[in-house]
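Inspection log for the structure reproduced underneath, given as structure tokens.
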Amino acid sequence: MERLQAFCLFIALAYFSLLTVPALIAYSPSLEATFLDALLNTALLSTLATSVSVPVGTVVAYGTLPRSWRLTAPLVTFTVSVPHTAIGVLLAPSVFGAGLADTAAAVTLAMVVVSLPMSFSVLRGAFASLGVGYVEFLRGIGVRGLGVALMMLRSTRTALISASLLTWFRCFSELGAFLILAQRPLTVGVYVYEEFLRRGAGPVTGASLALLAVALLVAFLLERWTEGAGSR
Amino acid sequence: MLEVVDYAVRAYGHRVEVKELRVSSTTALLGRNGSGKTILARSLLGFLRPERGRVLIEGEEITNLPPELRPIGYLPQHQVSLPIKPLSQLQYVARLHGSDWNWVVERLGLRRVIGKEGLSGGERQLLNLATVLLKRPKALVLDEPTSHLDFANKLLVLEALRSIDVPTLFITHDPLEASFLSDEIVTLRDGKVSAPVRNSMKGWAIDVISEAGELYNEYLRY
């Protein structure tokens, strides 16, 4: 068992090294001020989009718990299975028609649309894991409507926080929809893409490594936190 | 008294029929896994709509009342753990019904449990039972409340259930538990609930389970 674990760790490290070590050796970090602006824009708009996506995902997840409503779930989750450039194309008429192209509102809208399946899926799984008996017990002791929903939310608070973090990262990492809808304000995905097209891989390697470092740090923290929450 | 008259419910590929069921003290509904016991329980609570028939509590029909308004206490098959401390759970439900929670703590001997964190399965089930009793139900429907508990916890819950004087429909697959707790036993077989038979094995079952409890404690000492 220990040998197998050591082997798995080796594979993981080899994979990670393949992505990072040659890049670190070949290019010294060359971060520009524009990158930091893009990073800040993306972080702020991701937070805004998450604050919309998670409540909406929660409400839809709760509302589609009854068997008769489950068939409505794909109306929210279909964006997972469509290329995000196509999502951008689908959103374009409403955004362009409203004069929102290349605005923070368009970026936020795209983020919400692509991240909604994330918050919805995590929370629906968490609600479903409570079991039908949970709701029936609550209703049986006289808890009604919003009281049931709030108690379920308290029971799934770990999932709620995980959903928020994963949703935030889904927003943060989006590119496809932005290319069609809103290349400005500049987001990190668009920054890396544009710089790569203009100047090649070298100059944006520092930015890519910085994004990787941020993602890894948060992934480790998330893993550690959920492990702790699971053992409580 | 809980009465179920000329009743039929269909769900998840099962149909359960009850010609007449009267629960005035403790009645065990005995049936095998998958026989439809839980479907009947959930239907009596109002979570599944019956095809026909009536449910009455103390002569008043409640067939069309929503679950929250039925004067029935319910423990579902899978143990529920609410995300609040034991005392808060009791206080919350007591507030909902404008009642006091102290009596139920005394009745079920929960004084030590309400200050604890990390309850055992049996303690959790006792707490849930206390929570249900705060509603001052006129009947209880308990769906295999001990099926997932170890012997010591099972004994804890069964003893507590014996001390409750609310008409109780105790649903179980275990004939020994049914004999231990009930005054009457009905069975659910081929989708039909039988007429009740008086439980003549109660004394024997109490002796057997009590002796098994002593034996269990004896084993744990080694």
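None of the values given here were measured: they were computed from a predicted structure. Note that these values count all heavy atoms, side chains included, but never hydrogens, waters or copies made by symmetry. Each chain gets a letter, A, B and so on, in the order its sequence line appears, and its residues count up from 1.
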Heavy-atom neighbours of B:Arg15 CZ exceed 12 at 6.0 Å: yes

Rounded distance [0.5 Å steps], CD1 in A:Ile141 versus CG in B:Leu134: 9.0 Å

Interchain contact, A:Val143 with chain B, by part (heavy-atom threshold 4.5 Å): both

If the cut-off is 3.5 angstrom, what donor-acceptor pairs do you find between chain B and chain A?
unit_1: B:Arg42; atom_1: NE; unit_2: A:Glu136; atom_2: OE1; d: 3.1
unit_1: B:Arg42; atom_1: NE; unit_2: A:Glu136; atom_2: OE2; d: 2.7
unit_1: B:Arg42; atom_1: NH2; unit_2: A:Glu136; atom_2: OE2; d: 2.6
unit_1: B:Glu68; atom_1: OE1; unit_2: A:Arg139; atom_2: NH2; d: 3.4
unit_1: B:Glu68; atom_1: OE2; unit_2: A:Arg139; atom_2: NE; d: 2.7
unit_1: B:Glu68; atom_1: OE2; unit_2: A:Arg139; atom_2: NH2; d: 3.2
unit_1: B:His97; atom_1: NE2; unit_2: A:Ile141; atom_2: O; d: 2.7
unit_1: B:Lys135; atom_1: NZ; unit_2: A:Gly140; atom_2: O; d: 2.6

Atom CD of B:Glu51 with >12 non-hydrogen neighbours under 6.0 angstrom: yes

A:Val59: side chain to side chain contact (heavy atoms under 4.5 Å, CB included) partners, not counting sequence neighbours: none

Largest heavy-atom contact set with chain B, pairs under 4.5 Å, which of A:Gly147, A:Gly131, A:Gly133: A:Gly133

Structural part of B:Leu69 lying under 4.5 Å from a heavy atom of chain A: side chain

Interchain contact, B:Val132 with chain A, by part (heavy-atom threshold 4.5 Å): both

Residues that A:Val122 engages under side chain to side chain contact (heavy atoms under 4.5 Å, CB included), provided they are two or more places apart: A:Ala159, A:Ala163, A:Leu166

Candidate pair B:Leu82 and A:Phe137, rule side chain to side chain contact (heavy atoms under 4.5 Å, CB included), full reasoning: CA-CA 10 Å; B:Leu82 297 186; A:Phe137 176 73; 4.2 Å; yes

B:Arg189 atom CZ, over 12 foreign heavy atoms within 6.0 Å: no

Segment of A:Leu138 engaging chain B (4.5 angstrom heavy-atom cut-off): side chain

Non-neighbouring partners of B:Ala152 that pass side chain to side chain contact (heavy atoms under 4.5 Å, CB included), sequence neighbours left out: B:Asp150, B:Tyr216

